[in-house]
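This report concerns only the one structure given below.
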Amino acid sequence: MAVYFDHRVEAPDSSGAAVLISWHSSVCVLAVGSVNASTGGCVDLYLQQGEHIELCHVERGFSPSLLQWHPTKALLAVGWETGETMLLSHPSGEHTPLPNNTHTACITVLEWSSNGNRLVTGDQAGVMAVWRVDARGKLQGSPLIKHDYSNPLTCCIFRPPPPAEDVAMLARAAVSGDESALDMFNWKKSNKGGFALGSQEGLAFYISTADGSVYSVDEQVRSVPLLSVESAVQKMWYSKRRAVLAVVTDSLLLSHFSLGPEGIAQEISKVKLSGRGGQHADIVWTENGLLITASGEQHIRLWDVELDDHYALTLDESLGFEKGELLNCVSFCTSKLLAAGTSRGRVALWHMVTVSDQKGDTKIHWKLQTPAEVEGNVSQLQWGSSSHLLAVCSSSCVVILSEHVMCSHYSQQMAAVQLTPTQLSLANFNTNTHITFHTDTHIRAVQVTKDMVTVWNGKYITVYEPSGQTLHSTGSFQCESPALAVHEENIYTVEPNRVQIRTPQGTVKQLLVFSEAEGNPTLLSVCGSYLAVGTDTCHVRVFDLTCREAKAMGVMKNLSELIPDLGALRSVKCNASGNQLSILITQVKKKKDKKLYLNLRTRCEVELAGRCPVSQFWDENESRLFVCETVPVNSDLHSSSQSQIEKDVLVVTFFVTQEHGLLLQDSQPKPATLLSLLALDTPYYYYICKLGEGGDQVMVVRRALRDFVGLESCEKQTRDAMLNFSFYLTIGDMDEAFKAIKLIKSEAVWENMARMCVKSHRLDVARVCLGNMGNARAARALRDAEKEPEVEAQVAVLATQLGMLEDAERLYKSCGRFDLLNKFYQAAGQWQQAVETAETHDRIPLRTTYYSYAKHLEAMGDKNLALVYFEKSDTHRFEVPRMLMEDNLSLEIYINKMKDEDLYKWWGHYLESQSDMEAALHYYDLARDYLSQVRVHCYLGNIQKASEIANETGNRAASYHVARQYEGQDEISQSVHFYTRAQAYNNAIRLCKENNLDEQLMNLALLSNPEDMMDTAMYYEEKGTHMDRAVMLYHKAGHVSKALELAFATEQFGALQLIAEDLNENSDPALLARCSDFFIKHAQYQKAVELLVAAKKYHEALQLCLDQSLTITEDLAESLTVPKDSSHLSEAGRKELLEKIADCCMRQGNYHLATKKYTQAGNKIKAMRALLKSGDTEKIVFFAGVSRQKEIYVMAANYLQSLDWRNDAEIMKNIIGFYTKGRAIDLLAGFYEACAEVEIDDYQNYEKAYGALTEACKCLTKAKGRSGDEADSKLLILTQRFGLVKRFIQARRMHEEDPVEAVRVCESLLEEKDLNPAVRVGDVYGFLVDRAVLTSHLQ
């Protein structure tokens, strides 16, 4: 909560009405230009409280036109209406005029570059000059350029400089070994020629004229036309991120231009802004591209250039503004405050708040604050170098508004809160009195004790004492102490390196001295009889004030050594015993630290679970009790929604001891109607109210601690016992906790202790408390809650019984027991929350919740809403007629509106009960209730209409009712017909038997159940007629044996065939055998075989197949295959049967099936033979691979040799592999020999033949020991052939080098006797002829 102090500038008598104001960007100095009709104009400088700087006063006989501060130095550029321009220096008052011949018309442009090295001046005649200014702020000779644009100059902006290199970051990277960073420091290696130290300065700028032209001036001050708009340019803004120049004309036409690297401007967009244009419009650009205009209307307009969005802000009369008040001027500061001056002398302030929704999108909201008031019509506003300074220029004066946080203090049951800059609200809680007190000066600090109120205005301290319903001053003395504290009759103030202890009259009694290293005291805080002091060098010390003189406790602590990244101290507090310190700090980058620092002897750092402490207080009397206000870590008090922050503030109370450290005692949200926490004094928290919330200027209210609700007025002994109980309960020492309260008899105390048990989840202690309270109902509820598995759910029951409904709700939510939360809401009458919980979290009891809410609404008389929830619960078909039974008209309207068949039916029943048959029939028709229609028609004697309805709809109930009616009238055929449509076949059968309708009886029996079929079959058997029907019905009813007996007895062979089709292995074997004999007798062999298999007579079935030459299909073979674990055959018998089946398949040519059965019988040799007969090469190869038997490998290889292995490498590979696996080495050698012959005979490829013979020799060598002499002889012959082939190959190869020798070898080969088996004679002669032809030896 803040107020604005108003300081009117102390203007000299010669100055007239102020027309210009300008703050320096970094120094708190305000320049004011004024005009006096008799003497001319002047320029004066003022400090932040309006003090006039006499040396800085310049007068002329004409009016000033522009004021512009140097960006870094206290140097003011002043332009006059005659064209004179000067530089005014602060604080010396020295002024340097520019050459007189530069400008001869009114100065309209004054603009500094970003570092102040250049100054651009321009006048109404269109003359522009650029000046160079040195580091001392002195002009350097003549202008760099002087250019005449021939049109009045209106606006100038410098183009922002490019970002400079971060030297510190580069240095760290270079030290860590980054080569590129090292090269940046070495200009010889750097291709860029080094880098710019510090921020570079942008020297290019844009300047505009009254005819709408904009010119670009580069660093070498070369001016070129850039763009042109329709009318005079009033404001320009450059977006560095987008490289876009925005231009606003005096007719409020906004244009965007994209600036290319070649200096070409391309128009992106153009839009006409709302509002009145001209010279009266005040236009402000913000850094993030927000355009704000005020043009003497009742609102100000804002355009977001980046987002292309626009909106308006208006005044609120409820905050003190008047109707019809106009907004003349605006100013925006970096702390996101927007100020606007009005025609009635008020300054409207909006705080810009960025709010994020659940999707993560951000929106900007503007929160209007209470206005500050000045005299006259406000014409200009400007924020100062500090965001809390605002200069206001009105028609009567210049006022500096200084923002000040409202001060407050509490001590010894006295509380003081500042209301306005000069008004205090005082509250004495001992006497329960409230005083509103006005002071003569601004209030910057206030301290109270039970007998004294001390006020400081920044220069003087004034002491007041209560006197009835007012205060009277008892002393005043000069003091400029930035910190103030009071204890008993002593006033503590600070000055450099010491704390002064003064009397109420200002006399210094004692000095508490700090060394230079310890710094200057800046923070003072008194708790009990102890003073905590914090310095600007982050040292802290505690002083004992119990004696006549203050004594230091312990040694000075240097927090900079204990806390890393410590920037400054925010708050230093000690407890009532002086043995505990709590500190809040600001980090180096002016960021609030989220930690709380306690007990510096052991350096206790506490993080508050994602929250940041913003204020802290110790109990004035209880040294263990500590409280702080916390907000979420990611919240920003300046950029987040203030309302959201207020919702998120938690007041957290701790027990703090040396032995146990920091222990959480309580946590609760700050009440929404209260502003902030002021103090903690057991049994109360003391809060500051928001303005207007307390009523009658009561600004401080107190709220009892949770443990003391109902015990606010208890005696000190009880209060101490409660605190001790809470402390021991927190640390878990139950013995000490019970000792603390064993002598307490008050039921209220026990109830409060039970409330503590809700907080600590100590149900065992709660049972004791409930017993001492005598609360049997709560004890019973707690015992019943023990069945719940979650402790939180049990504690929630306790909280409910104690009336702690918010805690119960929180506990149910924390343990996820939304079913119990739903019941809790219903019991508490919070039906909307109950419905919402059921809809979003626990949908199982959703309909039940709707129903209960509807019953509640019915009881409350809200039948319309009850209808809605009865419908949602799907109970409206019964509940709504019941509820509206007394209002037949409303009920009929509801039923007709709902168009629900069940409701139509119910209403039809009701009308029928009222004997309104026609209306009842109408609603039965709407409900499609055919039974009721038929029933009413029959009642009315219209059985024909009833029959039509039953026939058309086919409704079984309606048909049954009609059938009963016809049976009563002895119309048997109609009755049987409708019984049949109703599927009441037993009734139809009964009528047919009674009336000898045997023809219909058979069909009805087949449609009915097995019992009726049996009964009908017996009926036919007894009559001795239609025996075939009896057999069929017995069969259909499942009595196959009875059907077969009757069929055999009556020799119904057709029926026997039909029955046999349903026989299977589960049928009686004797019956199966009998049927099979029957089928054999009648040459039905296939069916007989199936029956024999079903009867487990496998051999007989197979023999029948052999005798009658029946083809054994795969299905039949599978049915003849006995499972391995069968008890009908032994394993040997099973294999024998399988081989017989396979033999039969072989005879029938079904080789694949035979293979399968041989394999199942375990005879793989026979299986392979069967497979070989099939000729299926792929399966033969596969079977050989999985069988892994030598014989089978050899058989497969022999088979494969019969194929075209010469042209299929895969077959050859398999042959070699199978012979190898079968260890048939001699066969393999023969295969290689065959391969060699093929290569010689077919392809004359002796090289491949040589390779094959080599492999054959290897095989015979291995087989030598196995086959004896036969192998030796084969090997000898093969070796001879091998040698001959080798000689022929050598002869062919040596012909190129030694043809004579090659011919000689060939001739020797021809002389060999056994040459032909190895080398073909024709091949040798052919070779010789070919060589002779090639060498031309034709002879």
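Values in this document were obtained by computation on a predicted structure and should not be read as measured data. Computed from heavy atoms alone, side chains included, the values below leave out hydrogens, waters and symmetry copies.
Surrounding CD of Glu994 are more than 12 heavy atoms belonging to other residues, nucleotides or ligands, all under 6.0 Å away. Residue Arg964 qualifies as open at atom CZ: its count of foreign heavy atoms under 6.0 Å is 12 or below. Residue Glu786 places its CD atom among more than 12 non-hydrogen atoms of other residues, nucleotides or ligands, all under 6.0 Å distant. Heavy atoms from other residues, nucleotides or ligands lying under 6.0 Å from NE2 of His310 number 12 at most. Residue-environment remark: NZ (Lys905) stays at or below the threshold of 12 foreign heavy atoms within 6.0 Å. Counting heavy atoms of neighbouring residues, nucleotides and ligands inside a 6.0 Å radius, atom NZ of Lys855 exceeds 12 of them.
For the residue pair Leu991 and Ser975, the shortest heavy atom distance occurs at CD1-OG, 3.3 Å. Contact between Ala1005 and Ile989 at its shortest, heavy atoms only, is CA-CD1, 3.9 Å. Taking every heavy atom of both residues into account, Leu802 and Val758 meet most closely at CD1-CG2, 4.0 Å. The two atoms that bring Leu650 and Ser667 nearest to each other are CD1-OG, 3.9 Å, heavy atoms only. When all heavy atoms are compared, the tightest approach of Cys757 to Cys769 is SG-SG, 4.4 Å. Between Ala920 and Gly908, the shortest heavy-atom contact is CB-O, 3.6 Å.
With values rounded to the nearest 0.5 angstrom, Leu926 atom CG is found 11.0 Å from Leu921 atom CG. The distance from the CG atom of Leu302 to the NE2 atom of His299 is 10.5 Å, given to the nearest 0.5 Å. Here the CZ-CD distance, from Arg935 to Gln965, works out to 11.0 Å after rounding to the nearest 0.5 Å. Between the OG atom in Ser852 and the NZ atom in Lys823 there is a gap of 10.5 Å [rounded to 0.5 Å]. Here CE of Met1013 is found 8.0 Å from CG of Leu1007. Values are rounded to the nearest 0.5 Å. Considering CG of Asp819 and CG of Leu821, their distance stands at 9.0 Å, rounded to 0.5 Å.
Under the 30°/60° scheme for interplanar angles, the aromatic rings of Trp831 and Tyr853 are found to lie parallel. Note on ring orientation: taking the six-membered ring where Trp is involved, the planes of Trp907 and Tyr923 are perpendicular (angle over 60°, cut-offs 30° and 60°).
No donor-acceptor pair under 3.5 Å is formed between the side chain of Ser1008 and the backbone N or O of Leu1004. Side-chain atoms of Thr849 do not come within 3.5 Å of backbone N or O of Val835 as any donor-acceptor pair. Between the side chain of Arg928 and the backbone N or O of Glu901, no donor-acceptor pair lies under 3.5 Å. Looking only at distances, no side-chain donor or acceptor of Arg956 sits under 3.5 Å from a matching main-chain atom of Arg981. A distance-only check finds no donor-acceptor pair linking the side chain of Lys897 to the backbone of Glu892 [under 3.5 Å]. Judged by distance alone, the side chain of Gln801 and the main-chain N or O of Leu782 form no donor-acceptor pair under 3.5 Å. Ser814 places a side-chain N or O within donor-acceptor distance of the main-chain N or O of Leu811, the cut-off being under 3.5 Å.
With hydrogens and angles left out, the side-chain atoms of Tyr311 and Trp366 include a donor and acceptor closer than 3.5 Å. Using modelled atom types and a 3.5 Å distance limit, the side chains of Tyr825 and Glu809 yield a donor-acceptor pair. Side-chain atoms of Tyr910 and Asn888 include a donor-acceptor pair closer than 3.5 Å. In this structure, a donor-acceptor pair under 3.5 Å is present between the side chains of Gln668 and Asp666. Judged purely by distance below 3.5 Å, without hydrogens or angles, the side chains of Asn955 and His961 never pair a donor atom with an acceptor atom. Using a 3.5 Å distance cut-off with no hydrogens or angles, the side chains of Tyr924 and Glu912 do pair a donor with an acceptor.
Counting only heavy atoms from C-beta outward, the side chains of Thr837 and Glu839 never approach each other to under 4.5 Å. Residues Tyr904 and Lys899 form a side-chain contact, since some pair of their non-hydrogen atoms from C-beta on lies under 4.5 Å apart. Within the 4.5 Å cutoff, side-chain heavy atoms of Tyr812 are placed close to those of Phe824. The shortest side-chain heavy-atom distance between Leu884 and Leu867 falls under the 4.5 Å cut-off. Between His909 and Ser932, the closest side-chain pair of non-hydrogen atoms falls below 4.5 Å. Contact of the Pro881 side chain with the Leu891 side chain is registered, since non-hydrogen atoms from C-beta on lie closer than 4.5 Å. In this structure, the side chains of Val976 and Cys992 come closer than 4.5 Å at one or more pairs of heavy atoms. Leu940 has its side chain within reach of Val936: a pair of non-hydrogen atoms, C-beta onward, lies under 4.5 Å apart.
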**Study point:** Candidate pair Leu770 and Leu798, rule side chain to side chain contact (heavy atoms under 4.5 Å, CB included), full reasoning
**Key:** CA-CA 10 Å; Leu770 293 175; Leu798 174 63; 3.9 Å; yes

Practice item. Begin from the C-alpha positions of Gln933 and Asp925 and carry the test side chain to side chain contact (heavy atoms under 4.5 Å, CB included) through to its verdict. Key: CA-CA 7 Å; Gln933 292 181 52; Asp925 185 35; 4.0 Å; yes

Exercise for review: I would like to know whether His977 and Asn951 meet side chain to side chain donor-acceptor pair (under 3.5 Å); could you show each step before the answer?
Suggested key: CA-CA 10 Å; His977 167 71; Asn951 280 323; 3.2 Å; yes

Check your understanding: What do the steps show when you test His937 against Ile949 for side chain to side chain contact (heavy atoms under 4.5 Å, CB included), and what is the final call?
Key -> CA-CA 10 Å; His937 280 301; Ile949 293 173; 3.5 Å; yes

Check your understanding: Where do Tyr979 and Ser959 land on the side chain to side chain contact (heavy atoms under 4.5 Å, CB included) test, with the steps shown first?
Key -> CA-CA 7 Å; Tyr979 275 135; Ser959 299; over 6 Å; no

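A salt bridge links Glu790 with Arg817: at least one charged nitrogen is closer than 4.0 Å to a carboxylate oxygen. Using a 4.0 Å cut-off between charged side-chain N and carboxylate O, Glu871 and Arg877 make no salt bridge. In this structure, Lys813 does not pair ionically with Glu792, as no charged nitrogen and carboxylate oxygen lie closer than 4.0 Å. Arg780 and Asp784 are joined by a salt bridge, as a carboxylate oxygen and a charged side-chain nitrogen come within less than 4.0 angstrom of each other.
In this structure, the ring of Phe978 has its center no less than 6.0 angstrom from the ring center of Tyr960. In this structure, the ring of His876 has its center no less than 6.0 angstrom from the ring center of Phe870.
Residue Ile844 forms a side-chain contact (heavy atoms from CB on, under 4.5 Å) with just one option from Asp842, Leu846, Thr848, and that option is Asp842.
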